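Reading through the structure tokens given below for one structure.
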Amino acid sequence: MSTRIAFLKGHGTENDFVIIPDPENVIDLPPAAVAALCDRRAGIGGDGLLHVVRSAAHPEARAMAAEAEWFMDYRNGDGSVAEMCGNGVRVFAHYLQRAGHVAEGDIAVATRGGVKTVHIAKEGDITVGMGKALLPEGDVTVSVGERSWPARNVNMGNPHAVAFVEDLDHAGDLYTAPPFSPASAYPDGVNVEFVVDRGLRHVALRVHERGSGETRSCGTGACAVAVATARRDDADPAVTGTPATYTVDVPGGRLVITERPDGEIEMTGPAVIVAEGEIDAGWLETATP
């Protein structure tokens with residue numbers, strides 16, 4: 001490992017990330033190192049880490065290299081591996097454009113949740129093709145304190161439990177993961193969204209992301225919420241034949257989610273790079289047990 005490691009810091013609707021450019025996949029990033037970098041007091045700080053690697057250089061992405069040159073090796077803030085991060089994909093694409101690796105227009109990004117199509121618009125917003133939602137069968141319940149709610153099980157490449165509540169304060173502090181049942185519904189944990197209505201096809205959410213706690217935004221969570229809300233509203237595009245578009249307010253901003261009759265989901269929102277610098281590799285070694 002070199003003595004200095006380049007990094008950037010970015011966010012998508014205030015869901016923030018440490019970005020580590022590493023095209024040839026030579027930087028060792030064990031879970032403890034990722035957690036140290038994402039620590040908001042002793043590290044750089046972030047909800048997660050975006051490890052930027054060429055697909056051909058990463059064993060988990062080589063099979064996707066023909067479709068997508070770049071692989072988003074995404075990690076949660078605690079160092080655990082995640083399948084997908086919708087806000088992260090937008091920030092990842094923005095970084096690729098900033099670094100001169102891609103231009104405006106359509107690009108493909110490999111993720112553990114498959115290859116995602118991304119459109120970088122001239123006006124700055126970025127649209128991500130998030131794929132199709134899976135809606136596993138079975139009843140799910142989530143709880144906070146003495147309150148419990150039925151939740152919709154939605155998988156967007158990662159698992160979500162969507163609960164409609166009367167007040168977002170009912171979600172509590174979201175420092176710890178809200179209990180859910182049955183345990184068999186989410187053997188690897190779950191992102192939990194608490195949702196209220198704001199108007200016609202307009203909702204707001206708070207979210208606990210597994211491995212990160214409450215975050216200011218969750219892109220896959222916003223998609224899961226739009227899917228669950230469309231079913232609640234009897235607006236399933238596969239049934240109506242008409243796209244369903246929802247405005248989803250998150251604590252850090254606003255996302256627009258559209259589900260098409262073929263099931264494909266698109267998410268549009270901003271992405272920002274706020275800083276760049278260098279990490280002292282010696283510090284990272286001492287910060288990693």
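Source: prediction; values computed, not measured. The first residue of the sequence shown is numbered 1, and numbering continues consecutively from there.
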Considering all heavy atoms, the nearest Val165-Phe194 contact: CG1-CD2, 3.9 Å

side-chain contact (heavy atoms from CB on, under 4.5 Å) between Ile44 and Phe7, intermediate numbers included: CA-CA 10 Å; Ile44 296 168; Phe7 82 94; 3.6 Å; yes

Main-chain N/O of Val162 paired with His160 side-chain donor or acceptor, under 3.5 Å: no

Note, His208 side chain near Val142 side chain (heavy atom, < 4.5 Å): no

Gly86 backbone acceptor or donor facing Lys116 side chain under 3.5 Å: no

Backbone of Ala56 reached by a side-chain donor or acceptor of Arg62 within 3.5 Å: yes

Trp149 and His170 aromatic ring geometry - parallel, tilted or perpendicular at 30°/60° bounds: parallel

Short side-chain to backbone donor-acceptor contact, Arg90 and Gly269, under 3.5 Å: yes

Val250 vs Val207 side-chain heavy atoms within contact, under 4.5 Å: no

Test item: Val89 and Met267 side chains (from C-beta on) under 4.5 Å apart, heavy atoms: no

Sidechain-backbone polar pair: Arg206 side chain, Leu168 backbone, donor-acceptor under 3.5 Å: yes

Test item: side-chain donor near acceptor, Thr215 and Asp47, under 3.5 Å: no

Lys/Arg N to Asp/Glu carboxylate O, Glu166 vs Arg147, below 4.0 Å: no

Sub-4.5 Å side-chain heavy-atom contact between Leu135 and Val154: yes

From Asp125, Thr268, Asp106, Thr127, residue fulfilling side-chain hydrogen bond (donor to acceptor under 3.5 Å, both in side chains) relative to His119: Asp106

Arg216 (side chain) donor-acceptor with Pro251 (main chain) under 3.5 angstrom: yes

Side chain proximity check, Val192 to Phe180, heavy atoms < 4.5 angstrom: no

Check: Leu134 main-chain N/O paired with Asn155 side-chain donor or acceptor under 3.5 Å: no

Asn191 (side chain) donor-acceptor with Pro159 (main chain) under 3.5 angstrom: yes

Under 3.5 Å donor-acceptor, Arg210 side chain and Asn76 backbone: no

Glu123, CD: over 12 other non-hydrogen atoms inside 6.0 angstrom: yes

Charged N-O contact under 4.0 Å between Arg201 and Glu259: no

Connected-component partners of Val256 among ILVMFWY, side-chain separation under 4.5 Å: none

Approximate separation, where rounding is to 0.5 Å, of Thr229 OG1 and Asp197 CG: 7.0 Å

From CA spacing to verdict: side-chain contact (heavy atoms from CB on, under 4.5 Å), Val81, Arg75: CA-CA 5 Å; Val81 170; Arg75 320 290 183 85; 4.1 Å; yes

Tyr246 side chain to Leu255 backbone, donor-acceptor under 3.5 Å: no

Validation row: Val140, Val190 side chains within 4.5 angstrom (heavy atoms): no

Enclosure of Asp280 CG (heavy-atom neighbours >12, cutoff 6.0 Å): yes

Side chains of Pro59 and Asn25 in contact at under 4.5 Å (non-hydrogen atoms): yes

